[in-house]
**Q** 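One structure follows; several queries about it will come next.
Residues: numbered from 1 along the sequence shown.
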Amino acid sequence: MLEILGIASGLISVSAYIPYIIDVIKKTTQPERASWLIWFVLTAIAFFSQLAKGASNSLWLPGIETCGLGIVLILSLKYGVGGLVKKDLLALAAAGIGLILWYFTKEPAVALYIIIGIDSIGTVLTVQKAYEDPESETFITWVLVAVAGILSMIAVGKIDIILLSYPFYIFLANAAVAFAMMIGKKPKKRK
């Protein structure tokens, strides 16, 4: 049963990227470049950290997330926004410092929490963008990945703070973007 939930989490995560990628190509969604770069690098590290700590069924989510993030990152180079403004450069610098800290820890659990902290920097950039311009994001993607995070938490199958931390964070981060879109600024009507 736990394996099925882990696989379901991965499948939902994959399905979440389809509308997002389509919307990026249609130019109705504009990914925040710095966020997607941070997320791609850190999710790959989170995957390997969880693998090193013994995760199994819950690895579907970070594994598939890494692939989906890579595709959106590549598309963001042409269709995205941001990347070289001050807040993006600060976020990227903080991410770089976090990666250096991770390298020196050599401990997967510490690396995981450093990654979650840095990943949240990328999330803040996209939450701000989603609030300012809700129409520039694909709502269903954020909701589906939040659901995938919940399923991934259940797939852990036991109370293990280390193994539950990443899927719980995935749930919170994606729910935050969806919430920002729901309460975000509405486009002004033309007269």
Side-chain angles (χ1 to χ4, degrees), residues 1-26 28-32 35-36 38-51 53 55-73 75-76 112-113 115-131 133-184:
M1 179 64 168
L2 297 177
E3 183 177 3
I4 291 169
L5 289 171
I7 292 169
S9 171
L11 292 174
I12 290 171
S13 183
V14 163
S15 69
Y17 282 98
I18 295 168
Y20 199 90
I21 290 167
I22 289 169
D23 285 353
V24 170
I25 293 170
K26 288 178 6 185
T28 56
T29 290
Q30 300 163 323
E32 213 290 337
S35 292
W36 289 88
I38 290 169
W39 292 335
F40 172 73
V41 171
L42 297 178
T43 303
I45 293 170
F47 172 82
F48 289 109
S49 294
Q50 295 241 327
L51 181 64
K53 274 301 199 185
S56 57
N57 296 321
S58 60
L59 283 174
W60 285 94
L61 177 64
I64 291 171
E65 283 282 303
T66 300
C67 295
L69 291 164
I71 292 168
V72 175
L73 173 61
L75 289 172
S76 78
L112 179 64
Y113 291 115
I115 285 162
I116 289 171
I118 298 165
D119 191 286
S120 66
I121 295 168
T123 300
V124 167
L125 294 173
T126 294
V127 166
Q128 288 173 340
K129 182 176 101 39
Y131 177 78
D133 187 7
E135 302 295 318
S136 72
E137 286 295 334
T138 303
F139 183 76
I140 190 67
T141 295
W142 303 103
V143 171
L144 287 173
V145 179
V147 170
I150 292 170
L151 291 177
S152 187
M153 283 188 292
I154 297 168
V156 169
K158 59 186 175 182
I159 303 298
D160 183 320
I161 298 301
I162 303 268
L163 297 181
L164 288 169
S165 295
Y166 186 74
F168 181 69
Y169 168 73
I170 289 298
F171 161 72
L172 284 178
N174 285 275
V177 175
F179 184 70
M181 292 176 71
M182 290 187 320
I183 65 168

**Q** For a quick check under 3.5 Å, do Ser165 and Tyr113 share a side-chain donor-acceptor pair by atom type?
**A** yes
**Q** What are the two closest non-hydrogen atoms of Leu144 and Ala16, and how far apart are they?
**A** CB-CB, 3.6 Å
**Q** Has the side chain of Thr126 got a donor or acceptor atom that lies under 3.5 Å from a matching backbone atom of Thr123?
**A** no
**Q** At their closest point, which heavy atom of Phe171 faces which heavy atom of Met153, and how far apart are they?
**A** CB-CE, 4.5 Å
**Q** Using the side chain to side chain contact (heavy atoms under 4.5 Å, CB included) rule, take Ser120 and Tyr169 through it: C-alpha gap first, then chi angles, then the decisive distance, then the call.
**A** CA-CA 9 Å; Ser120 66; Tyr169 168 73; 3.8 Å; yes
**Q** In Å and rounded to the nearest 0.5 Å, what is the CD1 to CD1 distance from Ile38 to Ile121?
**A** 6.5 Å
**Q** Tell me whether Trp39 contacts the main-chain N or O of Asp119 through its side chain, where contact means a donor paired with an acceptor under 3.5 Å.
**A** yes
**Q** I'd like to know whether CD1 of Ile183 has more than 12 heavy-atom contacts from other residues, nucleotides or ligands below 6.0 angstrom.
**A** yes
**Q** Say whether, by atom type as modelled, one donor and one acceptor occur between the side chain of Lys129 and the main chain of Gln30 under 3.5 angstrom.
**A** yes
**Q** Would you say that Trp142 contacts Phe179 through its side chain, given a criterion of any heavy-atom pair below 4.5 Å between the two side chains?
**A** no
**Q** Begin with the C-alpha distance, continue with both residues' side-chain angles, and end with the deciding distance and a verdict on side chain to side chain contact (heavy atoms under 4.5 Å, CB included) for Tyr17 and Leu69.
**A** CA-CA 8 Å; Tyr17 282 98; Leu69 291 164; 3.4 Å; yes
**Q** Distance check, rounded to the nearest 0.5 Å: Ser35 atom OG versus Leu73 atom CG?
**A** 11.0 Å
**Q** Rounded to the nearest 0.5 Å, what's the gap from CG on Asp23 to OG1 on Thr138? Could you check?
**A** 3.5 Å
**Q** CD1 of Ile4 to CG of Leu151: how many Å apart, nearest 0.5 Å?
**A** 12.0 Å
**Q** Got Val24 and Pro31 here, is their nearest side-chain heavy-atom distance under 4.5 Å?
**A** yes
**Q** What are the two closest heavy atoms between Met181 and Pro134, and how far apart are they?
**A** CE-O, 3.2 Å
**Q** Please find the pair of heavy atoms, one from Leu125 and one from Glu32, that lie closest to each other, and give the distance.
**A** CD1-OE1, 4.0 Å
**Q** Could you tell me the separation between the CG atom of Leu112 and the CG atom of Leu163, rounded to the nearest 0.5 Å?
**A** 8.5 Å
**Q** To the nearest 0.5 Å, what is the distance between CG (Asp133) and CD (Gln128)?
**A** 13.5 Å
**Q** Provide the closest heavy-atom pair for Leu2 versus Gly157 in the form atom of the first, atom of the second, distance.
**A** CD1-CA, 3.5 Å
**Q** Any idea which heavy atoms bring Ser9 and Ala148 closest together, and the distance?
**A** OG-O, 2.8 Å
